[in-house]
J.: 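Input: one structure, supplied below.
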Protein chains: 2
Amino acid sequence: MLGTIDKAARVLDLFSLEKPEWGVSEVAAALGWAKSSAHAILCSLAAAGFLHRTPQGRYRLGWRVLVLNRVLNETTPLKKVATPVLENLVRHYGETVHLAVLERGRVVYVEKLQGTRAVRVEVTFPGASLWPHASALGKVLLSGLPDEEVVDLAAYQGLPALTPNTITQVDELLSELRGVRRRGYAYDIEEYMPELCCVAAPVRNHVGTVVAAVSFSVPVYRFRESKEAYKNIILEAAKRISENLGYDPKALGFLKLA
Amino acid sequence: MLGTIDKAARVLDLFSLEKPEWGVSEVAAALGWAKSSAHAILCSLAAAGFLHRTPQGRYRLGWRVLVLNRVLNETTPLKKVATPVLENLVRHYGETVHLAVLERGRVVYVEKLQGTRAVRVEVTFPGASLWPHASALGKVLLSGLPDEEVVDLAAYQGLPALTPNTITQVDELLSELRGVRRRGYAYDIEEYMPELCCVAAPVRNHVGTVVAAVSFSVPVYRFRESKEAYKNIILEAAKRISENLGYDPKALGFLKLA
DNA sequence: TGGGGTGTTCTGCATAGGCGAACGTCTGGC
DNA sequence: GCCAGACGTTCGCCTATGCAGAACACCCCA
């Protein structure tokens with residue numbers, strides 16, 4: 001809404017793993033602004049601690065995001081509620097477990113717990129993001145959105161094929177999401193990466209909105225044998241987390257009628 | 001510089017461990033603004049993903065912070081360079097090791113590595129902050145600042161006594177910092193917390209500026225016996241990290257004369 | 001069923017901030 | 001070693017932006 005904040009956000013978006021350091025002119029060119037405008041935004045973000053000015057007058061992300069992240073991590077109800085449940089899953093079944101949310105069209109890992117088996121799925125750092133259309137987590141999270149928004153998202157960021165199994169057509173994605181809504185869970189059978197399979201289930205808050213998703217990530221050979229079992233376990237875990245967030249299917253089923 | 005960004009930063013500052021959720025009126029009251037102004041900032045921050053709107057129309061930190069933090073963590077040269085050195089320290093000596101920076105007057109932990117000994121110092125989450133005047137890390141970081149800034153900081157946030165050993169007078173702090181600059185390291189002998197001691201040394205970048213500090217945290221009974229040894233080890237580690245950041249004492253000693 | 005507390009919307013006025021041009025500085029290549 | 005080009009920074013004008021206050025809509029509790 002406020003132009004300046006939107007601009008600041010667009011600037012911060014530029015700082016990525018691929019290009020973590022930017023100069024004033026580069027930012028101005030990348031965003032099509034006057035150099036002095038870019039300079040003002042960069043200066044202000046640096047003064048506020050969100051960016052760090054190198055001695056050469058270039059810019060990197062600043063330490064303040066670390067401070068914010070700490071507050072986020074230690075106060076967010078979702079993490080507090082979910083972590084013990086997820087730890088239990090790893091302890092019992094030894095498979096890699098993920099918790100993720102949808103952030104501006106991308107699946108963002110909030111919590112990752114490395115499996116304990118000899119052959120296991122390696123996890124990425126929290127904050128890393130995935131394509132929503134090609135992952136079980138993503139499909140579950142998209143299933144919480146109205147179809148129009150899914151269409152917009154697909155149009156905006158595309159549906160690239162990551163493996164031969166990836167869904168690349170919008171209508172196919174929409175019908176898959178209808179299935180996910182009906183069943184209450186999603187599979188990813190080597191759609192993101194060969195040899196990798198996932199099952200994910202939605203986490204809902206007290207008003208029934210899908211706020212996150214939990215998943216098992218399992219090597220394909222082990223997954224084929226016990227798909228059903230993994231599905232039931234992850235559904236149960238998602239239900240437990242949702243209930244701890246105040247989700248009450250009965251009360252909300254009643255609301256749906258009204 | 002830009003008022004709107006400064007305001008946004010002040011709003012984000014409100015979100016803390018003690019009060020991680022704010023409403024529009026609360027923000028307006030806390031900052032002395034009109035309700036509509038607070039509303040505009042909160043809306044914009046939420047639209048940009050920095051805040052998350054709860055179903056009740058209140059606000060919490062948003063997931064985008066997590067995404068930024070990940071980029072920071074994976075691209076910051078300091079962490080990349082320091083982590084292997086610090087891991088070595090823990091492996092060899094088993095004591096808790098910290099890496100910290102100064103962020104708007106507070107000591108912020110960037111990296112923490114838990115010691116492996118039976119009796120060890122428990123670490124806090126990265127992003128947590130400490131009083132600079134009462135910690136070894138803080139004194140090292142302050143030693144990189146001109147005296148005026150230290151005086152301003154002390155005036156602004158005070159020098160509370162955390163233990164009987166804490167420095168609580170500005171002139172005493174300044175003379176301590178002079179010693180730190182001369183010696184090149186700082187001790188904390190139960191100044192922050194009873195039973196806890198630290199040694200810290202400065203990490204410098206290629207232009208010689210103190211950009212961070214590394215420390216050992218050791219129980220007092222073990223520290224008394226081998227203060228000197230810990231000091232030498234941490235000095236060596238700091239030197240190694242600094243050199244990997246491009247610090248070259250000889251080249252800079254030459255510059256000082258000019 | 002009302003009242004006080006929310007979050008949200010509207011409109012006009014003043015100022016904050018965007019632009020483009022000029023400045024100072026550094027680097028690298030002839 | 002010098003000049004040329006690029007960079008980050010500064011300045012001042014003009015316009016658009018975003019601030020304030022009051023009115024609105026909503027929810028929860030008494």
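Chain A is the first sequence line, chain B the second, and so forth, proteins listed ahead of strands; every chain is numbered from 1. Just the heavy atoms: all of them, side chains too, but no hydrogens, waters or symmetry mates, feed the values below.
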J.: Between D:dC19, C:dT9, C:dG17, spot the one nearest the side chain of B:Ile41, thanks.
T.: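 Output: D:dC19.
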
J.: Quick check on DNA chain D: between A:Gly3 and A:Gly57, whose nearest nucleotide comes earlier from the 5' end?
T.: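 So the residue in question is A:Gly57.
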
J.: To the nearest angstrom, how far is A:Arg58 atom CZ from D:dA6 atom P?
T.: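 Rounded to the whole Å, the gap is 15 Å.
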
J.: Expressed in angstrom and rounded to an integer, what is the separation of B:Leu51 atom CG from C:dG7 atom C1'?
T.: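 Those two atoms, CG and C1', are 15 Å apart.
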
J.: So which nucleotide from C:dG17, D:dT10, D:dC7 ends up closest to the side chain of A:Ser25?
T.: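 Among the listed nucleotides, the one closest to the side chain of A:Ser25 is D:dC7.
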
J.: Is the side chain of B:Arg64 donor-acceptor paired with the backbone N or O of B:Ala48 at a distance under 3.5 Å, no angle test?
T.: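 Flag set: sc B:Arg64 to bb B:Ala48 pair under 3.5 Å.
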
J.: Ignoring backbone atoms, establish whether B:Thr4 has a side-chain N or O less than 4.0 Å from OP1 or OP2 of D:dG18.
T.: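 Answer no for this pair, as no side-chain N or O of B:Thr4 is under 4.0 Å from OP1 or OP2.
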
J.: Atom OH of B:Tyr59 to atom C1' of C:dT6: distance rounded to whole Å?
T.: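 Result: 12 Å.
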
J.: Reading DNA chain D from 5' onward, which residue's closest nucleotide shows up sooner: A:Leu2 or A:His39?
T.: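 It is A:His39 whose nearest nucleotide is closer to the 5' end.
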
J.: I'd like to know if A:Asp248 pairs up with A:Arg204 as an ion pair, taking the criterion as any Lys NZ or Arg NE/NH1/NH2 lying under 4.0 Å from an Asp or Glu carboxylate oxygen.
T.: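 No, A:Asp248 and A:Arg204 are not salt-bridged.
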
J.: From the options C:dG7, D:dG18, D:dA20, select the nucleotide whose nearest atom is closest to the side chain of B:Val24.
T.: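 Of the candidates, C:dG7 comes closest.
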
J.: Using a strict 4.0 Å threshold on nitrogen-to-oxygen distance, state whether B:Glu74 and B:Lys80 make a salt bridge.
T.: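 B:Lys80 and B:Glu74: not salt-bridged.
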
J.: Calculate the interatomic distance between A:Glu26 atom CD and D:dA6 atom C1'; express it in whole Å.
T.: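 That distance rounds to 12 Å.
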
J.: Would you please confirm or rule out a distance under 4.0 Å between OP1 or OP2 of C:dG17 and any side-chain N or O of A:Lys7?
T.: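 No, no such contact exists.
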
J.: Say you draw a straight line from CH2 of B:Trp63 to OH of A:Tyr109; how long is it, rounded to the nearest 0.5 Å?
T.: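 OH of A:Tyr109 is found 15.0 Å from CH2 of B:Trp63.
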
J.: How close or far is atom P of D:dG18 from atom CD1 of A:Ile5, stated in whole angstroms?
T.: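 Going from A:Ile5 (CD1) to D:dG18 (P), I get 8 Å.
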
J.: Can you find a donor-acceptor pair, distance only, under 3.5 Å between A:Lys35 side chain and D:dG8 base?
T.: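 Such a pair exists between side chain and base.
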
J.: Using only heavy-atom distances, decide whether a donor-acceptor pair under 3.5 angstrom links the side-chain of A:Ser36 to the base of C:dG20.
T.: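 Per atom types, the contact qualifies.
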
J.: Could you state the CH2-C1' distance from A:Trp33 to C:dG20, rounded to the nearest angstrom?
T.: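 Distance check: A:Trp33 CH2 to C:dG20 C1' gives 17 Å.
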
J.: Would you list the pairs meeting ring pair (Phe, Tyr, Trp, His ring centres under 6.0 Å) in which at least one residue belongs to residues 129-152 of chain A, sequence neighbours left out?
T.: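 Non-adjacent pairs meeting ring pair (Phe, Tyr, Trp, His ring centres under 6.0 Å): A:Trp131-A:His133.
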
J.: Over how many whole Å does the gap from B:Gln56 atom CD to D:dC28 atom P extend?
T.: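 So the CD-P distance, B:Gln56 to D:dC28, works out to 9 Å.
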
